[in-house]
Structure formats: structure tokens, C-alpha cells
Amino acid sequence: MTHTTHEYDRHEDVLATLADPALIPDLPAGDDGPAGESVAWLRATVARFSSGEPHRRRRALAEAELARLEPAALRQAAVAAGPGGDVRLRVVRTLAEALGMPEAEVVAEAVAVVAGAYFAGADPAADAAVAWLVARLAPAERADEADEAGLEDAANRIGLLVQACAATAALVEAAADGDVPLARVLREASPVRTMRRVAARPTRVAGREVAEGDVVLLDLAAAHRSHPVPLSFGAPPRVCPGRAHALALAEGLLQRPLTDFARLHHQATPLLLPNAWDHASAAALAEQGFPAIGTTSLGVAAAAGLPDGAAATAEATVALARRLGRGSFLFSVDVEGGFSDDPEEVAGLARQLYDAGAAGINLEDGRPDGTLAPVELHAAKIAAVKAAAPALFVNARTDTHWLGRQEEETAARLAVYEQAGADGVFVPGLSAPDGIAALTATLVVPLNVLYAPTGPTLTELAALGVRRVSLGSLLYRSALAAAVTTATAVRDGRPTDLTALSYAAVQALGAADGTPPRGTFLSR
């Protein structure tokens, strides 16, 4: 029977196809052969080509394997491996060693052979490589070679390595020349250019009838030209479980250095960033062990008697950065929208802040009138800042949720900002777990959210993939409330809070180097 091939190259059609349960991965034809002894058997046993319950079970095996390895640790292992040699072998060897697999060097060579035949026909050398890998990577507790569960486990461990071999190596090779952001490489030179699906039952996609057995060919390269969000790692409900690991591995193999501040965004625990409004508040927070401090534009503006978000505090912001730069702590500066719509002026400000000692800036696309800046303009600001101060961490903020405007555009806006060079992205007002999870599945750089007392906990945010949590203006507003509460308590004859800092402790915070003496913080 002849089946029709349907081709789709529009981003929305590709998304609809990937979400359609009637369209399943197209398993290359071939006899499975004896269990554990052929590429055909491997394809029939891994999550990549499965659907339904087998896919869920096999995906869980891959996820459990990856859960043993933090992406940050994998990145460090890739950096330590050093440059040089066949990229595919370096990818697999690094991943295999990080996962504690034996004979990683030989495993990498065998996986490269298997990868060459993974989407093709029979290959005796690849079949022999599969059998060799199964013998070494099957669980140690497996009692005998015929144990079906043990073989399935081994197949999905091999599948992880095979999937990483070609795709991650292609990403590294595409990004090897220059310092183009990985987000832009994924869109413009995607390592996965096409995907195939086959209809398990009749369905309808983008107005077309798709009969059972018809093949659906998805042109990802074309889809990326019409939409900023890359689909190289799939899309819900089948996002690649190794997305974060692949990106970390690629970054490490590219030997791209991280600043101390950037490194704080690549840890298992999200960076909790408290926001200060003057030197004393920043120094007090640093004294309590916070590894980095942010500033709050509301606190800076209100302290000067000016409105927040109105581009009125450029001078006060630079002055604060110069005071904070005398300290020994890392700090990031909230610059609203850059205090200008001229990208070169924003870049000049960013360079001033970097020269003053700032490790990062927070740059928002919300405007004083409650609208959003054109996405192209905000991207131009980001690109200009990265050109002027490459080591300055740019946290690109979108106010789609904060202002309750164009929330459906959040992922697309952030994708453009990533591709312009943003080192991290920030979505204040986003607190729904489902929304956070959906967003982290599309991002390449770390996601920052605003802490919400009623929202997810830090532990829950970490599990959702969040890598930075800001306190925004919360501390400044709390300090004002505490000041008013204390004053009114004295006036009204009520007890006052006795945990206030002593005069000496605050005096110490004003030391020239910004580092208060240890042990004085809670003295009275």
C-alpha cells in the first residue's frame, strides 16, 4: 500500500504535529534480531522511537540516568577534558565518564559506530558494537543475559550516548567559530534539521487529512526561519529529557569561560538574589553570606524622591554602582530599560557600570506607560551591551506577565533576547508551576523569576528548572514598613523590636572597602 508523505515547515504546524498523539516516531524498517545484538533491536527498544506506555517507561529510564548528573558538573567535566580530537568521541567520552560508565574511551568509539547506522539500514559493524556495549552497560545486578528489563535498561543507556553523539557534536561544531550565542546557533544552524512522524491512526494536521501509515516530515530549519523559538529539542509533550545536559556539555566543550557571577546561575540550587538600595543594605546582605547582591530600581528611585521606571535615576544608579564597586561582593544593577531607547546610549551606560565593578545588569522591556518595548529594540539594546562589555551578565527581563500584556508572546520574546546575547532571562509575575516548566523547556539560558510569598518554594523552583530567584523591591518595602512600625510603636507606647542593628554595626557597614567586620552584624 502506498502512503502519502506530508511536509510541514510552519512553526505552528510543527508544534501541532509534535503534540498530536496520533503521530508517532517513524521507526526505521528492519528485523529486530536477537535481543541485545543489533542496531534494529536497539531502535525498537529505546525511548526515541517508542510511543505510549513503552515510551513513558523507557523515557523514565533515561531521566533516572540523567538525574544522577548535574548539568553544571557535566559542563565542568567537559571543560576539564580540554580541546582537540574528534568532537563526537569527546562528547560521548565526557558523558560516559561523568555517568560512571566503564571503559569510556572504547565506549565512545563503539557509540560512534552505532550512531552512524542509527537511522540507516543493517550494518554488521554497528550490530557488533551494540552487542559489545550491551555487555558492558547493562545493570550489574542483572542475573542473566536474557533478562528483558536489564536489556531495556542497557538499550536506553546506549540510546542516551547515541543521541548525544551526533546532535551535540553538530551543535559544538556549528558554534565552534566565534562566540555566537548557542540560542542563535540552534535556530540558524540547528543540529536537528528534520523530524519524521508516522500516523498510527487517521488524524488531521493544519487542515490536511493524514491517513493511517502516512509519513509526516517536519522541516525544522524552515520553521526556525519563521519563528524565534528553536525546536531542536522537540516540544511538549516530548521535550528531550537531556536538553540541559546537552547544552551544558556543548558549552563546556566549546571552552567558553564563565565569570564568577555567571557561574552562580549554573548550580543545582537557584541563586537567591536579594536586592539592595544603598551601600549599607548591600554590605549587610553580603555580610550574611549571600554570594551576590542585586539592586532595586524602586528603592533607588524612591530614596531619591523620584518615580521608578521613568528613566529618571541614571545618575543615581551609576553613583550607587560606584559605591558598591568599592566592596568585595558581586553585584548586579537594575537599570530599568537602560534609561534610553538608543542602544548605543544603553551600551555606554552598561560600560560605565561594568567599569564601576558591576558583574551584571537587569534590563527590562516594560515601559512607564504600561506597554512593552518593541522586541527588536530590546534585542538591539542587549546586543549593544554585550558588544560594549562582553563580560557583563545581561539578565533580559520581559514584563509580559508583570504588566499582564501579551503573555502568549513570552517564550518568543525571550528567544529573541537569548539570540541577541542575553546571559539570562527574567519573567517577573510568572509563578504558576506549569507555566514555568513550559518556559524552561524552551530556554537555553538560565531563567530568573521573582520570589512570590504565595508561589513555589525555592526547592520547587529548582525542580522546575529555575536558576535565579530575585527578591525585587521586597526588602526595601519591608524596611520602610519596619521603620514606620517602629516609629508608631514608640509614639503609641507599644513595645519596639529589639533586634535592630547597633550603631557600631551600621558604622562598620560604611567601611571604605564595604566589608563589615565579622561578628558585629547582630550586636546591639
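As the structure is a computational prediction, the values presented were derived from the model and not from experiment.
Side-chain atoms of R323 never come within 3.5 Å of backbone atoms of D278 as a donor-acceptor pair (strictly under, hydrogens ignored).
If you run side-chain contact (heavy atoms from CB on, under 4.5 Å) between L160 and each of L66, L137, L61, only L66 comes through. The one candidate from N275, D334, N362 that meets the side chain to side chain donor-acceptor pair (under 3.5 Å) condition with S297 is D334.
Side chains of D20 and T17: a donor-acceptor N/O pair is absent below 3.5 angstrom, by distance only. For the residue pair S50 and R58, a side-chain donor N or O sits within less than 3.5 Å of a side-chain acceptor on the partner.
Looking at heavy atoms from C-beta onward, F233 lies out of side-chain contact with T442 at the 4.5 angstrom threshold. Inter-residue side-chain proximity for R238 and H55 is flagged as met; some heavy-atom pair is nearer than 4.5 Å. Considering only heavy atoms from C-beta on, N448 stays 4.5 Å or farther from P270 through its side chain. R136 places none of its side-chain heavy atoms less than 4.5 Å from the side chain of M101. Counting only heavy atoms from C-beta outward, the side chains of L95 and L69 approach each other to under 4.5 Å. Side-chain atoms of T398 and V425, non-hydrogen and from C-beta on, never get closer than 4.5 Å to each other. Considering only heavy atoms from C-beta on, L439 comes within 4.5 Å of T410 through its side chain. Counting heavy atoms from C-beta outward, L464 and T440 have side chains that stay 4.5 Å or more apart.
In terms of heavy atoms, S332 sits closest to I361 at OG-N, 3.5 Å. The shortest non-hydrogen separation linking L285 to P274 is CD1-CB, 3.8 Å. Considering all non-hydrogen atoms of both residues, A321 and V333 come closest at CB-CG2, 4.3 Å.
By the 6.0 Å contact criterion, OH on Y354 is open, its count of non-hydrogen atoms from other residues, nucleotides or ligands being 12 or less.
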Verdict with reasoning, F426 to L450, per side-chain contact (heavy atoms from CB on, under 4.5 Å): CA-CA 8 Å; F426 183 21; L450 185 67; 4.1 Å; yes
Stepwise side-chain contact (heavy atoms from CB on, under 4.5 Å) check, Y417 with V375: CA-CA 8 Å; Y417 301 162; V375 65; 3.6 Å; yes
Check against side-chain contact (heavy atoms from CB on, under 4.5 Å), L430 and I436: CA-CA 7 Å; L430 175 65; I436 293 172; 3.8 Å; yes
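Under a 4.0 Å N-O distance rule, the pair R351/D355 qualifies as a salt bridge. Of the charged side-chain nitrogens involved, at least one lies within less than 4.0 Å of a carboxylate oxygen, so that K386 and D423 count as a salt-bridged pair.
Ring planes of H11 and H227: parallel class, angle under 30° (limits at 30 and 60°).
Ring centroid separation for the pair F119 and F49 comes in under the 6.0 Å cut-off.
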